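Note that these values count all heavy atoms, side chains included, but never hydrogens, waters or copies made by symmetry. Given the structure is predicted, the values throughout are model-derived calculations rather than measurements. In what follows, chains are A, B, ... by sequence order, proteins preceding strands, each numbered from 1.
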There are 2 protein chains.
Amino acid sequence: MTRARTRPRKSPSQPRSERTVEAIVEATARILETQGLSGFNTNAVADKAGVSVGSLYQYFPNKDALVVALSTRERALLGVALGEAARQAASLPLEGALRRLAHTAIHRQLARPDLARVLDFEEQRLVLEEPDRALTRDIAGNVATLLRRYRAVIQVADLEAAAYDLIAIARALIDAAVLRGQVEPVALEGRVTRAALGYLTGRANVAS
Amino acid sequence: MTRARTRPRKSPSQPRSERTVEAIVEATARILETQGLSGFNTNAVADKAGVSVGSLYQYFPNKDALVVALSTRERALLGVALGEAARQAASLPLEGALRRLAHTAIHRQLARPDLARVLDFEEQRLVLEEPDRALTRDIAGNVATLLRRYRAVIQVADLEAAAYDLIAIARALIDAAVLRGQVEPVALEGRVTRAALGYLTGRANVAS
DNA sequence: ACCTGAACACCGTTCAAGT
DNA sequence: ACCTGAACACCGTTCAAGT
C-alpha cells in the first residue's frame, strides 16, 4: 500500500490547457453535486468537461486527485473567508468570535450544500487512507491562532488539538443539518457556537 | 438509481450455514480492521471466511450488505450498553448523565478503535446514499428519551434533532481522537461532555 | 505539446455446473 | 440445499497512434 500521489501530474502552462484543467475540476463539482458519489466516474467527468479520459489523466494522476483539486479550491475559499472573519473577530469576546467563525463556515457550506457535504465526506475518506494529507491544516492553524488570544478563559490546554476538534464539531453539525434539511442559518449558528463554547470553557471535568 | 437492498438475502436456517454467515461477517470486520477500506473486497472476505464468492452472494446481495450486517451487529452492542447507561443515569443531573453516556460510547468505540472508525465512516457513506437507512435511529430514540427528563434545563426545543446532533458530535470527537492517537479516555470523555452540555444548555443565542 | 479512445486490469456480481 | 469458480460487466488507468 504505497502512497498514491494526488498532486496534479503537471501544471498547465498554456492558456488552453489551463481551461481544460478548470473544466475538469468544475465538471467534478457538478457531477458530485447532482449525481453524488455513485455517478462520479472518470469517464463521466471527462465527458462533462468535453475531453477524453486520456486528457484527464494527463493532468490528474488518478480519480482521487480530482477530489483533492476540487477540495483544495473550496477549502481555499473557506480559508480566506475564515481568515477575514478571524481578523474581524479579534476584538470580540470569545463567544462572539466563535459565533462569527460559525457564521462564516455555515455561510460558505450552505452556498453549495450538497457539494459541501460530499466533499466533507471525501476529505474524511482521504484522511482515513492517508492521515498526513489533511486539507484542513491551514484552517486549523488559523483557528488555533485565534484561540490563543482567549487562553485566559479557555479550560483546554492543547489548542492545536482543540482547533481540529472544533472544526470536526462544526462540520458534523452542519452536515447533520443539511441531511435533515434544517438549515435555518441562525439556529444552526447557535448550535455550533454553544457546542464550541461548551467544549472550550465548560466546567465539566477538565483534563486536556 | 433505484434503492439497492442491503438486507441479508436469506437467513441461514441450518447450523452450518449460520456459521458460514457468522464467518463472513467476522472476516469483514477483520479485513476492515487490518487492511482498511482499500483491502476490503468481496474475494478477500470470501477467502478469509473460507468460502467462495458465490457462497457469500447467497447470503448477502452485495458488498454494502456486508458492512450493514457488521454495523448492525456493532450498533446493537453499543445500543445495549447505552440503554443500560441511560437507565443508571436517570437519577443523575444532566451533566452526570451526559458524562455517563459519553463514557459508555467511548469505551465501546475504543474496544476496536480502528474498526469503529472505519464503520463510522462507512455508515456515513450509506446515509449519504440512502438517508432513511440510518443505523443510529434506535440509539437516537433512546438518547432523546433520556433528554426529555431534563427538558427544564435544556435550551433546545427539538430533542429528536438534538439527539442526532449529540451523536454526531460524540462520533466526530471520538474519531478525531483516534486519528490523533489522543485516546486518553478521561480527557476525551471531558471534551465530549463539555461540548454536549454546551450544546444543550449554553446561553449562546438560542433559537431551536 | 496535447489529444484520442481502444485495450488492459481489477473487482463486484452472476450463473451454469457440481454435490 | 448449498457450494464452486469461471465468465461477464463496469470502471480506473495506460498507451500506441494521431495532430
Exercise for review: State the dot-bracket string of DNA chain D. Criteria: Watson-Crick or G-U wobble, both atom distances under 3.5 angstrom; notation: ( ) intrastrand, [ ] crossing earlier pairs, | interstrand, . unpaired.
Suggested key: ||.|||||...|||||.||
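- Salt-bridge formation is detected for the pair Arg125(B)/Glu122(B): a Lys NZ or Arg NE/NH1/NH2 atom is positioned less than 4.0 Å from an Asp or Glu carboxylate oxygen.
- Phe121(A) pairs by the ring pair (Phe, Tyr, Trp, His ring centres under 6.0 Å) definition with Phe121(B), not counting sequence neighbours.
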Expected rows: protein N/O vs nucleotides 5-12 of chain D N/O, under 3.5 Å:
from    : atom 1 : to       : atom 2 : distance (Å)
dG12(D) : OP1    : Lys63(A) : NZ     : 2.9
dG12(D) : OP2    : Thr42(A) : N      : 2.8
dG12(D) : OP2    : Thr42(A) : OG1    : 3.0

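- In this structure, CG of Leu56(A) is placed 14 Å from C1' of dC2(C), rounded to the nearest angstrom.
- Put simply, CD1 on Ile24(A) is 12 Å from C1' on dC2(C), counting in whole angstrom units.
- For dA1(D), neither phosphate oxygen OP1 nor OP2 lies less than 4.0 angstrom from any side-chain nitrogen or oxygen of Tyr59(B).
- Ion pairing between Asp120(B) and Arg75(B) holds under the 4.0 Å rule for side-chain N and carboxylate O.
- Under the 3.5 Å distance criterion, the side-chain polar atoms of Ser55(A) are left unmatched by any main-chain donor or acceptor of Val51(A).
- Screening residues 34-62 of chain B for salt bridge (Lys or Arg N to Asp or Glu O under 4.0 Å) gives no qualifying pairs among residues at least two apart or on separate chains.
- Counting only residues at least two apart or on different chains, the salt bridge (Lys or Arg N to Asp or Glu O under 4.0 Å) pairs with a member in residues 28-40 of chain A are Glu26(A)-Arg30(A), Glu33(A)-Arg112(A).
- Residue Arg117(B) holds its CZ atom at 12.5 Å from CD1 of Ile174(B), rounded to the nearest 0.5 Å.
- Applying the ring pair (Phe, Tyr, Trp, His ring centres under 6.0 Å) test to pairs two or more places apart or on separate chains, none has a residue in residues 23-51 of chain B.
- OP1 and OP2 of dC2(C) both lie 4.0 Å or more from every side-chain N or O belonging to Thr20(A).
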